[in-house]
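Shown next, in structure tokens, is the structure this report addresses.
Residue numbering restarts at 1 for every chain, and letters A, B, ... go by the order of the sequence lines.
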There are 2 protein chains.
Amino acid sequence: MPPSEEAPYTLIYWPEIPGRGEHVRLAFEEAGVAYTDTAREKDGVNEVLSRIGPSNLGDGLNPPMFAPPMLQHGDLVINQTSNILLYLGPKLGLAPKPGDQDAHGILFVNELTLTALDGLSNEVHDCHHPIGSGLYYEDQKEESLRKSKDYVSTRLPKFLSYFERVLKSKASGDGPWLYGGKLTYADLVLFQCIDGIHFMFPKALKKLQDSNDYAAVFTLYDAVKERPRIKAYLTSDRRQKYSMGIYRSYPELDVTD
Amino acid sequence: MPPSEEAPYTLIYWPEIPGRGEHVRLAFEEAGVAYTDTAREKDGVNEVLSRIGPSNLGDGLNPPMFAPPMLQHGDLVINQTSNILLYLGPKLGLAPKPGDQDAHGILFVNELTLTALDGLSNEVHDCHHPIGSGLYYEDQKEESLRKSKDYVSTRLPKFLSYFERVLKSKASGDGPWLYGGKLTYADLVLFQCIDGIHFMFPKALKKLQDSNDYAAVFTLYDAVKERPRIKAYLTSDRRQKYSMGIYRSYPELDVTD
């Protein structure tokens, strides 16, 4: 049975980092739609662990899940960041709906989201964990430095150039947004990625910003930050601080030459 | 204007490797639906390059694209492997349709696909390119060995365990498939990932297979391989050989202890 549209939304994610859960939070916050965030509840860690543990086989509707974030809505439990946003986007007014005139717009929003997550989130995580996500940073520091140098000098400019190109394309429409002249969740994802990179590589990102080659990307960043609900959220205690998640502050990795 | 359902399908991908394009090929082959594959055409490389070059700004409908695979269908050009499959799956009978009784099934098929690509494709690529995708393997051999050791001893078993758990879940239904008792494109994706890992880490994978801890995963692999159209495809000259793509044969990385 599909969930009633009135069912409450629950985000299930690790406490104490914004992480990939943040992309889901920003969608709810921009839409002004209420949600429960287990990261802020007592026993939040166990809520995650019980869902991904080896004895959890899901149920007749939902397959078991590999890792958070997860979204519970009625009977549905949905996993994978881009997949959660694909489900939520049209409901929250943050992506074209299947019945809209722009029936395929959701595919483009999903495509832009996947590329942002690939290049500006997953690859950034690998800058401090290039050898193994289960090993300590201290055990892969040298490799992290090599990876970070490559990332900020070649990969980061490549992805920023790509999004600059998207923002200059006809399909992006008017205004600062990536697709169709309207704010979509892909814009929120790109904002969050740039924000995280700003935390992890402040000097390297500043240098790229100062080059003025990516002016449209930074205009989008500012435009999201100034959205009234996002602005209020970012200064609220609902916004988790960066710590030991995807985006980490290791000043030795913030190389500019 | 959305594409007519009769419009021809064109896959745009790098020549001479199965790569991420292979997931799209397997969907067409299993469905018995005709498609053009630019990888097999004269000038196939330039077809890709012209689509991702800095001067390509897409058009009024389609944003520019970051990297292949891409699917052209009528006026639409869709990018990102999982996104192409999300579009094609219901059309090819390889995923529930939005109007089906199982209206949210497509989300689960997408979720399983994303997890397979994360853990059994992207992470495998990083085993021979942990430092930079633009650097030579020879310049990151030591790091590749460390990464591969971690991958085959911790990450690969973790992902295989996860899919074993999915296959034992109620949501997987009867038979060898991941979701809903029917073959979906998620099964084809998992098959292709295991096949590639078999090429890259034959000894390490054999050891995991012999443990019998992942019997359902290997049963699925065999069941896909025996599908009549897939079987015919795999022995045809349409199937590209593994070479210097995601899955590479570097025997020194195939460690078993």
**Asked** Is A/Glu111 reaching over with its side chain to a backbone N or O of B/Asn79, donor-acceptor style, under 3.5 angstrom?
**Response**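 Here the side-chain-to-backbone pair exists.
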**Prompt:** Between B/Phe28 and B/Tyr35, does the ring centre distance come in under 6.0 Å?
**Reply:** yes
**Request:** Would you check if the distance from the ring center of B/Phe66 to the ring center of A/Phe159 is below 6.0 Å?
**Result:** yes
Considering only heavy atoms, which portion of [X] lies under 4.5 Å from any heavy atom of chain B: side chain, backbone, both, or neither?
X: A/Leu178; answer: neither
X: A/Ser161; answer: neither
X: A/Val109; answer: neither
X: A/Asn83; answer: both
X: A/Asp126; answer: side chain
X: A/Lys158; answer: both
X: A/Ser82; answer: side chain
X: A/Asn56; answer: both

Between [options], the one whose heavy-atom pairs under 4.5 Å with chain A are most numerous:
options: B/Ser55, B/Gly58, B/Gly132, B/Pro63; value: B/Pro63
options: B/Leu107, B/Asn110, B/Ile52, B/Thr115; value: B/Leu107
options: B/Lys170, B/Lys147, B/Arg155; value: B/Lys147
options: B/Asp139, B/Thr154, B/Asn122; value: B/Asp139
options: B/Ser133, B/Cys127, B/Ala67; value: B/Ser133

I'd like to verify something: which residue of [options] has the highest number of heavy-atom pairs under 4.5 Å with chain B?
options: A/Gly60, A/Gly173, A/Gly180, A/Ser144; result: A/Gly60
options: A/Glu143, A/Gln140, A/Glu142, A/Arg146; result: A/Arg146
options: A/Asp59, A/Ile131, A/Leu112, A/Asp150; result: A/Ile131

**Prompt:** Is the number of heavy atoms from other residues, nucleotides or ligands under 6.0 Å of B/Lys91 NZ greater than 12?
**Reply:** yes
State whether a side-chain donor-acceptor pair under 3.5 Å links [X] with [Y].
X: B/Tyr179; Y: B/Asp102; result: yes
X: B/His73; Y: B/Tyr87; result: yes
X: A/Arg51; Y: A/Gln72; result: yes

**Item:** Gap separating the CG atom of A/Leu160 from the SG atom of A/Cys193, nearest 0.5 angstrom
**Value:**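 Rounded to the nearest 0.5 Å, the CG-SG separation comes to 10.5 Å.
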**Prompt:** How long is the span from the CD atom in A/Gln80 to the CZ atom in B/Phe108, to the nearest 0.5 Å?
**Reply:** 13.0 Å
**Message:** Between the side chains of B/Lys168 and B/Glu164, is the shortest nitrogen-to-carboxylate-oxygen separation below 4.0 Å, so that they form an ion pair?
**Reply:** yes
**Request:** Determine the sole option in B/Tyr221, B/Tyr185, B/Phe163, B/Trp177 for which the ring-ring contact (aromatic ring centres under 6.0 Å, His included) test with B/Phe191 is passed.
**Result:**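 It is B/Tyr221; the other options fail the test.
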**Message:** Less than 4.5 Å to any heavy atom of chain A: does that hold for the side chain of B/Leu135, its backbone, both, or neither?
**Reply:** side chain
